[in-house]
Structure formats: structure tokens, C-alpha cells
Amino acid sequence: MKPELLSLTRVWDEAPHSAFTDLLRHGGRWWCTFREALDHGPSLGTLRVLSSEDGAGWTRVAEVAEPGVDLRDPKLSVRPDGRMVLLTCACVYDEENNYLTRSPRVCFSDDGVSWTAPARFLAEDHWLWRVTWHGEVGYGVSKLGEGSYPRRGFLYRTRDGLEWEWLTEFFLPRETWTASETTVRILDDERMVALVRPNWIGVSSPPYREFEWTELEERMGGPNFLVLPGGRMWACARGRHLDGGAATVLSRMTETEYEPVMRLPSGGDCSYPGMVWHEGLLWMSYYSSHEGKACIYLAKLRLP
């Protein structure tokens with residue numbers, strides 16, 4: 001059996017380019033965040049936060065900006081104390097839009113509407129992409145370095161989203177492929193699974209210092225995955241469709257396998273999904289330019 005797409009809604013198309021989404025269910029409401037800018041590449045990007053009671057009607061509730069920088073790849077989560085966390089990265093360019101530097105930022109909110117000013121953490125050139133909370137601790141992977149090599153990936157942990165402790169460096173089996181965007185999740189037996197762009201799955205037992213790596217045939221962009229009740233794993237990322245074009249692709253996943261099974265309506269500049277398991281269904285935000293420009297979509301799916 002294959003996943004069934006129950007509904008698909010375009011939830012935002014007001015900016016020239018809306019992209020890099022995340023989705024959260026918290027406080028009985030839906031929250032969706034993404035970047036608004038002139039285009040995918042270097043430009044002054046700001047972050048939009050939308051909210052909805054039912055996932056059908058969405059209201060703009062917040063905008064997060066920092067003068068002179070490009071805020072990219074926002075990620076939503078909730079600290080153990082119930083406070084909402086918004087992670088992003090601030091990229092700085094020169095007058096000709098050439099990259100100069102970057103560093104991660106974090107904002108906090110008690111209600112999803114009023115957010116603290118972006119606060120810098122870690123050192124220059126880091127990009128900590130997503131935090132996954134497990135008990136009192138959050139885990140995230142930061143990529144360091146431009147280009148393909150020597151880009152490096154570092155696993156960190158935090159208790160508040162602002163102070164981060166280094167745990168280990170990812171040493172992938174082939175040094176020509178280096179760690180980039182990474183999502184980590186914790187299994188019921190406390191092992192950590194890491195899905196790493198472009199094509200790696202890593203598994204580690206506590207204290208998460210050493211990983212066993214599997215190289216995948218599929219290449220991914222903006223990878224995300226969930227561990228469902230019972231231990232099943234489902235992933236989504238930008239991949240290649242049968243016609244060779246880019247698409248937002250849903251995949252079955254294990255600790256060593258990654259099987260694309262469904263293309264979401266998408267194409268061109270696309271993907272970077274947010275994923276939430278709610279009341280037995282997969283809710284997923286993503287962006288795509290298949291209808292003319294990069295817009296934000298919300299899909300609801302039944303999984304086999």
C-alpha cells in the first residue's frame with residue numbers, strides 16, 4: 001500500500017519567494033513558519049509565522065527580522081518548559097550579494113505571537129539546522145564550512161536552546177561526502193538516528209559519541225523524518241522524480257534504508273518539509289514552485 005493524499009492546500013503565496021518551511025502542533029493550534037524573500041539565493045530574508053486552529057484557515061501572527069541579514073531555514077520546537085523556540089541562521093552578504101559569514105540565531109515565545117529578538121549562538125560560520133527535544137535535552141547538528149570539503153558536521157545538545165554543548169563530530173566513511181542539513185530523532189531504546197544530506201543515515205547509542213553510517217543511493221535536500229508510534233519511520237526531502245526533475249518526495253525509512261514511495265505535487269524549487277503526526281495522520285508543510293512561484297503548501301496524508 002502507498003500513502004494516500006487526503007488534502008493539499010496552498011496556505012501562503014504573498015511574497016515573491018516563500019520557502020524553507022517548518023510545522024508545529026502546540027497549545028491546541030497549528031504553527032507554520034517559513035522564509036520570505038525576493039528569491040531562493042542571497043537576499044534579505046525575513047521569517048513569517050502563521051497560525052491556525054484547524055489547518056484550513058491561516059492567520060499571520062508574527063514576522064521575525066534582523067537588519068542587514070538574510071534569515072533562513074526557520075525551525076520550530078517547544079522547550080521542556082513549554083516555551084516555543086524558533087531556530088534560524090543569519091547569513092551576511094556584501095553589496096554584490098557575495099557570501100561573507102553566517103551564524104545561528106534563536107528566538108523564544110510564550111504565545112507564538114510575540115518573539116524575542118534573534119540571539120546569536122555558536123561561532124561564526126556555524127549553521128545549526130534543527131533541534132529535537134528528548135526529555136530535558138535538545139539535540140542538533142551544525143554544519144561548519146562552505147563548499148563540499150572540508151565542510152564538517154558537529155552534534156550539540158542544549159537544555160535551553162541558547163547554550164549548546166559539543167558532543168561529537170560526524171566522520172562519514174567517504175570524506176568527499178560531508179555532513180550538511182541534518183535531522184536527528186531518538187528511538188524508544190534511546191538510540192539516535194541521523195538523516196544527513198546528501199545521502200547518509202547514522203545510528204548511535206548513548207552518549208552519542210560514535211555513529212555507524214549507511215550510504216544511501218538517493219540524494220536528499222532539506223531532509224526531515226518522524227518516528228511514529230510502533231517505531232515506523234517516514235521521511236521527506238527534495239529528491240529526484242522518475243522524469244529526472246526535482247520534487248518533494250515522501251519515503252519509507254529504516255535505520256539503514258531509504259525508499260521513495262510518493263511524489264507530492266511539487267517541482268522546480270521545492271521541499272524543506274515540516275512534519276507532524278497528529279491523530280493518526282501525517283500533516284506536512286513544504287514549499288514548491290510548480291505553480292509558477294515558490295509558495296507554501298500543507299498536505300494531509302494517511303500512511304499505510
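Between Ser180 and Val196, the shortest heavy-atom distance links the atoms N-CG1, 3.9 Å. Nearest heavy atom pair, residue Arg35 against residue Gly45, reads NE-CA, 3.8 Å. The minimum heavy-atom distance linking Cys236 with Leu250 is given by the pair CB-CD1, 4.2 Å. Annotation for Ala247 and Arg263: closest pair CB-NE, 3.6 Å, computed over non-hydrogen atoms. Closest of all the heavy-atom pairs between Leu162 and Ala119 is CD1-CB, 4.1 Å. Taking both residues in full, the closest heavy atoms of Tyr258 and Ala235 are given as CE1-CB, 3.5 Å, listed atom of the first, atom of the second, then distance.
Cluster membership check: Leu303 shares its hydrophobic cluster with Val261, using side-chain heavy-atom separations under 4.5 Å among Ile, Leu, Val, Met, Phe, Trp and Tyr. Under a hydrophobic-cluster definition in which Ile, Leu, Val, Met, Phe, Trp and Tyr are linked whenever side-chain heavy atoms come within less than 4.5 Å, directly or via other members, Val227 and Met220 are assigned to the same cluster. Follow the hydrophobic side-chain contacts under 4.5 Å out from Leu47 and you reach Val113 in the same cluster. Hydrophobic cluster membership differs between Tyr99 and Leu38, with clusters built from Ile, Leu, Val, Met, Phe, Trp and Tyr side chains linked at under 4.5 angstrom. Linking ILVMFWY side-chain heavy atoms closer than 4.5 Å, directly or via other members, places Trp166 and Leu128 in a single hydrophobic cluster.
Between Tyr93 and Asp70, the side chains place a donor N or O and an acceptor N or O closer than 3.5 Å (distance only, hydrogens not considered). For the residue pair Thr46 / Arg48, no side-chain donor-acceptor distance below 3.5 Å is found, with atom types taken as modelled. For Arg79 and Thr158, the side-chain atoms include no donor-acceptor pair closer than 3.5 Å. The closest side-chain donor-acceptor pair between Arg185 and Thr132 falls under 3.5 angstrom.
Ring planes of Tyr287 and His40: tilted class, angle from 30 to 60°.
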Can you list, pair by pair, the side-chain donor-acceptor contacts under 3.5 Å of residues 274-285, counting residues two or more places apart and other chains?
unit_1 : atom_1 : unit_2 : atom_2 : d
Ser285 : OG     : Thr21  : OG1    : 2.9
Ser285 : OG     : Gly274 : N      : 3.3

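The backbone N or O of Ser288 sits nowhere less than 3.5 Å from a side-chain atom of Ser266 that would complete a donor-acceptor pair. No donor-acceptor pair under 3.5 Å is formed between the side chain of Lys293 and the backbone N or O of Ser18. Remark: side-chain polar atoms of Asp13 are not paired, donor with acceptor, to backbone N or O of Cys295 under 3.5 angstrom. In terms of modelled atom types and a separation under 3.5 Å, the side chain of Ser51 and the main chain of Trp30 share a donor-acceptor contact. Checked by atom type and distance alone, the side chain of Glu165 never pairs as donor or acceptor with a backbone atom of Arg157 at under 3.5 Å. The backbone N or O of Val49 sits nowhere less than 3.5 Å from a side-chain atom of Thr33 that would complete a donor-acceptor pair. Between the side chain of Ser103 and the main chain of Glu124, no donor-acceptor pair closer than 3.5 Å is present.
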Kindly determine whether Thr248 and Cys270 satisfy side-chain contact (heavy atoms from CB on, under 4.5 Å), including the steps that lead there. CA-CA 6 Å; Thr248 301; Cys270 66; 3.8 Å; yes
For the pair Leu298 and Cys32, evaluate side-chain contact (heavy atoms from CB on, under 4.5 Å) and give the outcome as yes or no after the intermediate values. CA-CA 9 Å; Leu298 179 72; Cys32 182; over 6 Å; no
For Arg72 and Arg102: C-alpha separation, side-chain torsions, deciding distance, then whether side-chain contact (heavy atoms from CB on, under 4.5 Å) applies. CA-CA 10 Å; Arg72 304 180 69 93; Arg102 69 185 179 208; over 6 Å; no
Chi angles and distances behind the side-chain contact (heavy atoms from CB on, under 4.5 Å) call for His26, Leu76: CA-CA 10 Å; His26 178 62; Leu76 289 168; over 6 Å; no
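Using a 4.5 Å heavy-atom threshold, the side chains of Arg105 and Val64 count as separate. Looking at heavy atoms from C-beta onward, Arg83 lies in side-chain contact with Thr116 at the 4.5 angstrom threshold. Using a 4.5 Å heavy-atom cutoff, the side chains of Val141 and Trp129 are not in contact. The closest side-chain heavy-atom distance from Lys75 to Arg130 is below 4.5 Å. Using a 4.5 Å heavy-atom cutoff, the side chains of Pro260 and Glu218 are in contact. Side chains of Pro3 and Pro304 form a contact here, defined as non-hydrogen atoms less than 4.5 Å apart. Phe211 is listed as a side-chain neighbour of Leu155, based on a closest heavy-atom distance under 4.5 Å. Within the 4.5 Å cutoff, side-chain heavy atoms of Val69 are placed close to those of Leu71.
For Glu14, the CD atom counts as densely surrounded, since its 6.0 Å shell holds more than 12 non-hydrogen atoms of other residues, nucleotides or ligands. Dense packing is recorded around CD of Glu259, with more than 12 heavy atoms of other residues, nucleotides or ligands lying under 6.0 Å away. Remark: Arg302 CZ is loosely packed, at most 12 non-hydrogen atoms of other residues, nucleotides or ligands lying under 6.0 Å away. Shown here is Asp188, whose CG atom has no more than 12 heavy atoms of other residues, nucleotides or ligands within 6.0 Å.
Screening residues 50-59 for salt bridge (Lys or Arg N to Asp or Glu O under 4.0 Å) gives Arg29-Glu53 as the qualifying pairs, with residues at least two apart or on separate chains.
Of the options Tyr156, Trp213, Trp200, Tyr208, a ring-ring contact (aromatic ring centres under 6.0 Å, His included) to Phe170 is made by Trp213 and by none of the others. For the side chain to side chain contact (heavy atoms under 4.5 Å, CB included) with Phe20, the qualifying choice from Phe34, Tyr286, Tyr272 is Tyr272, the only one to do so.
To the nearest 0.5 Å, atoms CE (Met84) and OG (Ser77) are separated by 8.5 Å. To the nearest 0.5 Å, the span separating CH2 on Trp234 from CE on Met253 amounts to 12.5 Å. The line from CD1 of Ile201 to OG1 of Thr254 is 6.0 Å long, rounded to the nearest 0.5 Å.
Here Glu255 pairs with Arg191 in a salt bridge; the nearest charged N to carboxylate O distance falls below 4.0 Å.
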